[in-house]
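Down below is the structure, laid out as structure tokens.
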Amino acid sequence: MNDNSIGVQAFHQRELDAGRFLLQRCGDCGRHVYYPRECCPHCGGTALEWKTPGGLGTVHAVTTVRRKPADGGDLNVSLVDLDEGVRLMTRIENLAPEAVRIGLRVQARVQVKDGRGLVLFDAIEGAAA
Amino acid sequence: MSAGLKALRGSAAISGVATFGCGETPGFTDMELLAHAARAAVADAGLDMRDIDGLCTASASAAMWALPVVEYLGLDPRYIDGTMLGGSSFIAHLLPAMQAIRCGQCSAVLVCYGSAQRSAAFGRREIVAARRFLDPQPYEHPYEPMLPVSAYALAASRHMHEFGTTREQLADVAVAARAWAALNPEAFMREPLTRGEVLGARMVSDPLTVRDCCLVTDGAGACVLVSAERARDLPKQPVYVLGNATAVWNRQISSMADLTVTAASQSGREAFAMAGLAPKDMDVVQLYDAFTINTLLFLEDLGFCPKGEGGRFVADGAIAPGGRLAVNTNGGGLSCVHPGMYGIFALIEAVRQLRGECGERQVKNAHTALAHGNGGTLSSQATAILGTAEALR
Ligand SMILES: [Zn+2]
């Protein structure tokens, strides 16, 4: 997929901008890698392949960034562990910030805004709030 | 632990320390504050600026900071360390400086820092904005965390989830720091602080309120490191560096493998091994308390209590004046001083305690001290074990 004519960061972003969330998996040690890198941080190998993750994950840590309404209001920032075994910073979008809890199961989606893709998550249980 | 590191134990001593402009000093630049502290530390060591042939310094804003410092102070150093690891830098600078002194590369090393962060027109907001370009974190910045506080808040949320740590226990860290600050004329915030006031303060990034966060102050600090032999001929009581180690495991909070275990568990273990001492041997402890969660994590990771017990450890006033363990006796970054990078102030307070210079807040018969620095978002960790001549034996 990646033709090696651009770095993995640009490639990953280009895919996101097209609405596709990709994850790397190391062909040498078998572990998943996120964020995208040119070599595996676990084994040093370079046989990193792009995979489409299942997108299911669990909220690992959570905070509400308190901001004035003029600055955009309160904002959830979470760390989510994907079932593939990688962690990423993100936001849980379909709940009020204070309703986001550690342990919540969440599903990834790509939001494309002004042509720029971003990985966000929605809670898949207790999402009524 | 290599035999070479063990052999460095106590080979160098801090013979001069000084602070300058801690608090609010409008009208001063970073460099002017640094120069005052540097000059005072060199004088405290009984030396002249011309005796300084080694320099360790770092800045949050200037990547080539050692260069203008050399120029401004009129130095001609044979040893220069500008390694920037964030707030732990100045504690991390000790071991390489000891090696340089031991092998004869230089004889007197000035470690110095100054920041007008509180008063400067180019302040924290501008530095944060500039850093987005110079030091990008493209996998965190788009989510708009309020860094660094949100990173520490995420770690706090996980600590609370795993170990039942409460906001009240976090607040007790700030309350203890303020009680020490009340005894320190140099501390920026000295009025009494209660648990309720910490909990009721403006929430910044849950679960941390503004009172869970370090101060933003101006200030400068400096110390002078010489060989142990030379230190014995200088006017002030030498404070020997018995152990020092640095560890970095990650840059971003999202890359931290376990949010409740920091690289202090490595730097602490290695520094204690070099010193041949254990947590129970420490008379005073200075921990980089950028946020209240830091103190809990470092008490655990450095071995003062089991993992997960930090909250319960501090909840009965154990680290406040009169408690079981004297922690952050100057008031820490929470109540004394925090000009961007706090590490050198932890080191200076440890030295002052071991010299018996701390007045009302002096810990009686302090012969050993631990000074721990943290940098980035729980990213870099550096631990120093210091001791008087009694501890050197
Ligand atoms: Zn690998």
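All values reported here derive from a predicted model rather than from experimental measurement.
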- Contacting moiety of B/Ala257, where chain A heavy atoms sit under 4.5 Å: backbone
- Proximal to chain A - members of residues 157-178 of chain B, heavy-atom separation under 4.5 Å: B/Ser157, B/Arg158, B/His161
- Top contributor to chain B contacts, counting heavy-atom pairs under 4.5 Å, from A/Val77, A/Asn76, A/Asp74: A/Val77
- Contact class of A/His12 relative to chain B, heavy atoms under 4.5 angstrom: side chain
- Message: Taking every non-hydrogen pair under 4.5 Å, which of A/Thr90, A/Leu88, A/Val80, A/Leu75 racks up the most with chain B?
- Response: A/Thr90
- Correct closest heavy-atom pair for B/Leu154 and A/Ser78 would be CD2-CA, 4.4 Å
- Note on the structure: Turns out that what part of A/Arg67 lies under 4.5 Å from chain B's heavy atoms comes down to side chain
- If only atom types and distance count, is the side chain of B/Tyr143 paired as donor or acceptor with the main-chain N or O of A/Val119 below 3.5 Å? yes
- Query: Is chain A contacted by the side chain of B/Pro138, its backbone, both, or neither, given a heavy-atom distance below 4.5 Å?
  - Reply: side chain
- Note: vs chain A, highest number of non-hydrogen pairs under 4.5 angstrom among B/Ser150, B/Ala155, B/Ala156 is B/Ser150
- Query: Tell me, side chain or backbone of A/Leu79 under 4.5 Å from chain B's heavy atoms, or both, or neither?
  - Reply: both
- Side chain, backbone, both or neither: which part of B/Leu208 has a non-hydrogen atom closer than 4.5 Å to chain A? neither
- Message: Can you list the residues of residues 287-296 of chain B that sit under 4.5 Å from chain A, counting heavy atoms only?
- Response: none
- d(B/Met256 CE, A/His60 NE2) to nearest 0.5 Å is 9.5 Å
- Interatomic spacing from OG in B/Ser255 to OH in A/Tyr35 - rounded to 0.5 Å: 5.0 Å
- Task: Could you point out which residue of B/Asp206, B/Thr209, B/Val149 forms a side-chain contact (heavy atoms from CB on, under 4.5 Å) with A/Arg66?
- Result: B/Asp206
- Shortest non-hydrogen contact between A/Gln9 and B/Tyr139, atoms and distance: CG-OH, 3.2 Å
- Message: Counting only heavy atoms from other residues, nucleotides and ligands, does the tally under 6.0 Å from CZ of A/Arg31 exceed 12?
- Response: no
- Item | Distance (rounded to the nearest 0.5 Å) between B/His141 NE2 and A/Met89 CE | 9.0 Å
- Message: With rounding to the nearest 0.5 angstrom, report the CE to CG distance, B/Met146 to A/Asp71.
- Response: 8.5 Å
- Message: At a 4.5 Å cut-off on heavy atoms, which part of B/Gln252 comes close to chain A: side chain, backbone, both, or neither?
- Response: side chain
